[in-house]
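So the structure is just underneath, and the comments pick up after that.
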Amino acid sequence: MFRASMFALVGGLAVLAAGSNGQEPKKEDSPKLKGFLPQNWAKIGLTDDQKQQIYKVQAKHGTEIEKLEAEIRKHKADRDAELKTILTADQKKKLEEILTGKSK
């Protein structure tokens with residue numbers, strides 16, 4: 001999730017920097033994006049241009065992935081809350097003791 005936020009931020013900054021003076025930036029004036037490469041991709045001889053393309057793709061999808069991950073976390077929390085409604089008061093108490101390590 002942090003990575004997705006980082007790419008969204010970096011991508012947004014790149015857009016702001018590109019349009020800040022009202023002129024289309026030259027290739028050498030464009031800020032370089034930073035990010036991460038998938039595992040083992042650094043070993044295959046990527047060019048700087050390929051790395052920049054990879055970072056752009058990650059930034060493009062990062063925001064949507066972050067939204068979906070937040071939705072998944074919400075569904076899991078809702079599920080867990082609903083599951084706990086099935087338990088009796090004593091079972092809830094025992095479960096809490098087990099989870100906090102304060103079992104008797």
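Predicted, not measured: the structure shown is a model, and the values here were computed from it.
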Residues forming a side chain to side chain contact (heavy atoms under 4.5 Å, CB included) with Leu37, sequence neighbours excluded
Trp41, Ala42, Leu46, Lys51, Ile54, Tyr55

For Lys32 and Asp48: C-alpha separation, side-chain torsions, deciding distance, then whether side-chain contact (heavy atoms from CB on, under 4.5 Å) applies.
CA-CA 9 Å; Lys32 287 201 171 200; Asp48 285 342; 3.8 Å; yes

Non-hydrogen side-chain atoms of Lys76 and Arg79 separated by less than 4.5 Å
yes

Please list, chain by chain and in numerical order, all residues satisfying side chain to side chain contact (heavy atoms under 4.5 Å, CB included) with Lys43, sequence neighbours excluded.
Asn40

Can you name the residues that form a side-chain hydrogen bond (donor to acceptor under 3.5 Å, both in side chains) with Asp78, not counting sequence neighbours?
Lys74

Across all chains, not counting sequence neighbours, the side chain to side chain contact (heavy atoms under 4.5 Å, CB included) partners of Glu71 are Leu68, His75

Got a sec, which residues hit side chain to side chain contact (heavy atoms under 4.5 Å, CB included) with Gln53, two or more places apart in sequence or on another chain?
Asp49

What are the two closest heavy atoms between Gln52 and Pro31, and how far apart are they?
OE1-O, 4.4 Å

Donor-acceptor pairs under 3.5 Å, side chain of residues 80-88 to any protein atom, not counting sequence neighbours: which ones?
unit_1	atom_1	unit_2	atom_2	d
Thr85	OG1	Glu82	O	2.5
Thr88	OG1	Gln91	N	3.1
Thr88	OG1	Gln91	OE1	3.3

Between Gln58 (side chain only) and Phe36 (backbone N and O only), is there a donor and an acceptor less than 3.5 Å apart?
yes

Do the non-hydrogen side-chain atoms of Lys94 and Asp90 ever get within less than 4.5 Å of each other?
no

